[in-house]
Novice: 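The following block contains the structure, expressed as structure tokens.
Counting begins at 1 with the first residue of the sequence. Below, all heavy atoms of this structure are taken into account, side chains as well, without hydrogens, waters or symmetry copies.
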Amino acid sequence: MEPFDQETLESVMPDEGMFPKNISLAMSYVPNQPFDNLYDEPTALSRGTLFKSLDFPFVGAKKR
């Protein structure tokens, strides 16, 4: 695999917006998760996440 040239690198580098320029369809872009607002280890294991900001309760389907 050949290294990217400068033009290719510039085309995929993030610009002023949240997503890179010229992003391709069907390719995911996931911003880095800030490593703050964390649970302690026992709580993180019981909640299934280390990050408080990603802890959303599952409510399931509502009964009619």
Side-chain angles (χ1 to χ4, degrees):
M1 183 172 185
E2 296 180 29
F4 292 116
D5 58 36
Q6 188 63 32
E7 183 179 339
T8 302
L9 287 174
E10 288 173 1
S11 72
V12 296
M13 294 297 290
D15 60 354
E16 300 297 323
M18 184 173 177
F19 297 102
K21 296 178 189 177
N22 305 321
I23 194 165
S24 299
L25 292 177
M27 293 195 59
S28 65
Y29 173 73
V30 181
N32 288 332
Q33 171 70 31
F35 217 79
D36 57 2
N37 199 18
L38 306 176
Y39 283 128
D40 58 77
E41 290 177 14
T43 304
L45 285 172
S46 69
R47 302 295 295 192
T49 181
L50 181 62
F51 303 100
K52 291 180 182 179
S53 61
L54 296 179
D55 189 4
F56 299 104
F58 177 73
V59 293
K62 294 182 180 180
K63 293 184 179 181
R64 295 182 185 200

Novice: Apply side chain to side chain contact (heavy atoms under 4.5 Å, CB included) to Leu54 and list each qualifying residue two or more places apart in sequence or on a separate chain.
Specialist: Gln33, Thr49, Phe51
Novice: Can you list every salt bridge (Lys or Arg N to Asp or Glu O under 4.0 Å) pair that touches residues 28-50, not counting sequence neighbours?
Specialist: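 Passing the test, one end in residues 28-50: Arg47-Asp55.
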Novice: Can you confirm whether Phe35 sits close enough to Leu50 that some side-chain heavy atom of one is under 4.5 Å from a side-chain heavy atom of the other?
Specialist: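 The answer is yes, as the side chains (C-beta and beyond) meet within the 4.5 Å cut-off.
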